[in-house]
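Notes to accompany the following structure.
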Amino acid sequence: MSNGVLNIGLVSTEAGLRSVVDEAVQQARRAAEVEPWIAASPAALEAEDLERIRDADPQVLMLDLTQDPAGAIRVAGTLAARFPGTALMGIGPDLPSGLLLDAMRAGLVEYLPQPASPEALYEALGRVLQKRGWARDEETPRRRKGNVMAFFSAKGGAGATTVATNTAIEIHRITGKRTLLVDLDLEMGEIATLLGVQPRFHFIDLVRNFHRLDADLLASYIDSHDSGVHVLSAPFEPEIGEEVTSEQIGGILRFLRSHYDYLVVDTSKSLAPPVLTTFREADQIFLITNADVPSIRNLKRSLPALDKVTGGDAKRLRLVVNRFNPKGLVRLTDLEETLGMEIYATLGNDYRTVIESISTGRPLVLNGSSRYADEIRDLAADIAEGAAGERPEKERKSLVGRLLAPFRGGRDEVSPALEAAGSEVPAHG
């Protein structure tokens, strides 16, 4: 999708309907294009058609229900779940009230009976854009392209949730821009606890109702923290997190980034498909680790998967060492050499401040001054600076290509513990 251009997809075998859509778009007097046009009945869509829709990422997808209304409505439910960020419109014959209700339940946000004039289609399209918050005072409708940051640790207890939560608050304070903190640890997420909030809804509620979501309804699923950060919490019941698919997570993140400037996403400590999907959608992935052998070993085992989902783009990865003790056994140079990555930031070991913050539900960056809070502020400032304009970085090789490099001659002495941690890269299990 071109920047600032409204994409309208069409699924119809009727060339005449394509002409009507083209004329309606011309009346709109705004930057728009019909892409893709799939010459098929919605009920007969095939896998390659779904790939075309995914690649085009249209804001609006029009479905021609003329040939098989009931079959098209069933497919609409699949499309709404697979592409939750896309608004579905129906065009076709007059439907009985029961079938029309089924269409709305399947995810159609607008239905226009045939024959549809360009004027009627233009008005219906305007209503859809208003519902989704894409139309503002006759301006060209465009999606906000928010920055998505995923925070991940390969071992539990590394402090990734604390870092993500406080960083989000500080990014909002520095920039003043719309910031959403998303808890995608759907089984054991604790962001609500760290913020001291009682969420009204959670991520699964959003998934279940996403087919009918617009900008106004989105606000009802989002909680606001006193800091000004918005929060989308994990569910309290761990078992219901299993019903979310990778495709739903990808679509929801794309939708949310169209409404926020910054998305800070705290992931689970796994390489399950939903987490990998989050990595694919993220602009930056912050790898939070402690400077101990189990943490470093687990992170090293994760690197091939990270390399795959980023397409070998190491610039998207940010290594943050949390709870670092400069007097500890592991040196930062050893850690960098073992992982084949440069350290982006270090955060000190301030256990008392952090545990007090967690216990009171008061984020530490809002709870007076401490060395750890100052380090979080520095990290957030650096992230905000990098998001505002690309920072110059050193050329980096693909991670997989660097995994064995630290142990190929010409190096200083490495601590025995890290020698053992880096001597092999077993499969993640």
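In this text the structure is predicted, and so the values were computed from the model without any measurement. Excluded from the calculations below are hydrogen atoms, water molecules and symmetry mates; all remaining heavy atoms, backbone and side chain alike, are included.
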Tell me, do [X] and [Y] make a side-chain contact under 4.5 Å, heavy atoms counted?
X: Phe203; Y: Val182; value: yes
X: Val109; Y: Leu88; value: no
X: Arg331; Y: Pro326; value: no
X: Val60; Y: Thr86; value: no
X: Val265; Y: Met149; value: no
X: Val231; Y: Ile222; value: no
X: Leu186; Y: Ser268; value: no
X: Leu232; Y: Leu206; value: yes

[atom2] on [Y] to [atom1] on [X], rounded to 0.5 Å:
X: Gln284; Y: Tyr344; atom1: CD; atom2: OH; answer: 7.5 Å
X: Glu23; Y: Tyr122; atom1: CD; atom2: OH; answer: 13.0 Å
X: Leu112; Y: Leu121; atom1: CG; atom2: CG; answer: 6.0 Å
X: Ile252; Y: Phe83; atom1: CD1; atom2: CZ; answer: 14.0 Å
X: Leu256; Y: Ile249; atom1: CG; atom2: CD1; answer: 11.5 Å
X: Leu366; Y: Asp226; atom1: CG; atom2: CG; answer: 8.5 Å

Which atom pair, heavy atoms only, marks the closest approach of [X] to [Y]?
X: Ser295; Y: Asn290; value: CB-O, 3.5 Å
X: Gly189; Y: Ala234; value: CA-CB, 4.0 Å
X: Ala291; Y: Val330; value: O-CG2, 3.5 Å
X: Ser246; Y: Pro274; value: OG-N, 3.4 Å
X: Asn7; Y: Gln59; value: N-OE1, 2.9 Å
X: Ser233; Y: Ala192; value: OG-CB, 3.9 Å

Do the charged groups of [X] and [Y] touch, with an N to O distance under 4.0 Å?
X: Arg82; Y: Glu51; result: yes
X: Asp374; Y: Arg377; result: yes
X: Arg371; Y: Asp350; result: no
X: Glu48; Y: Arg52; result: no

Just do the side chain to side chain contact (heavy atoms under 4.5 Å, CB included) check on Met62 and Val11 with the steps written out, would you? CA-CA 6 Å; Met62 299 183 180; Val11 181; over 6 Å; no
With a 6.0 Å cut-off (strictly less than), is the heavy-atom count around NZ of Lys155, excluding the residue itself, greater than 12?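 Yes, the 6.0 Å shell around NZ holds more than 12 heavy atoms from other groups.
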Whether the side chain of [X] engages the backbone of [Y] through a donor-acceptor N/O pair (distance < 3.5 Å, no angle test) should be reported.
X: Asn349; Y: Asn325; answer: no
X: Asp283; Y: Val148; answer: yes
X: His172; Y: Lys177; answer: yes
X: Asn322; Y: Ala158; answer: yes
X: Lys300; Y: Thr338; answer: yes
X: Asp205; Y: His202; answer: yes
X: Asn166; Y: Thr162; answer: yes
X: Glu35; Y: Ile8; answer: no
X: Asp183; Y: Asp185; answer: yes
X: Thr165; Y: Thr161; answer: yes

Please list, chain by chain and in numerical order, all residues satisfying side chain to side chain donor-acceptor pair (under 3.5 Å) with Arg316, sequence neighbours excluded.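 If we apply the side chain to side chain donor-acceptor pair (under 3.5 Å) test to Arg316, skipping adjacent residues, there are no hits.
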For Asp64, side chain to side chain donor-acceptor pair (under 3.5 Å) partners two or more places apart: Ser12, Thr66
Let's go through Ser302 and Leu271 carefully: what are the C-alpha distance in whole Å and the side-chain angles of both, what is the deciding distance for side chain to side chain contact (heavy atoms under 4.5 Å, CB included) to 0.1 Å, and is it a yes or a no? CA-CA 8 Å; Ser302 305; Leu271 293 176; 4.0 Å; yes
Passes side chain to side chain donor-acceptor pair (under 3.5 Å), Glu190 versus Thr193? Steps please. CA-CA 5 Å; Glu190 292 293 344; Thr193 300; 2.9 Å; yes
Applying ring pair (Phe, Tyr, Trp, His ring centres under 6.0 Å) between Phe279 and each of Phe151, Phe152, Phe286, report the one that passes.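 Output: one option passes, namely Phe152.
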Pair Leu63, Ile91 - check side chain to side chain contact (heavy atoms under 4.5 Å, CB included), show working. CA-CA 6 Å; Leu63 306 177; Ile91 304 173; over 6 Å; no
Step-by-step side chain to side chain contact (heavy atoms under 4.5 Å, CB included) determination, Leu347 to Arg323: CA-CA 6 Å; Leu347 302 171; Arg323 299 175 184 159; over 6 Å; no
Residue from Leu319, Val320, Thr289, Thr333 passing side-chain contact (heavy atoms from CB on, under 4.5 Å) with Ile343: Leu319
Stepwise side chain to side chain donor-acceptor pair (under 3.5 Å) test for His230 and Tyr260: CA-CA 10 Å; His230 289 180; Tyr260 285 89; 2.8 Å; yes
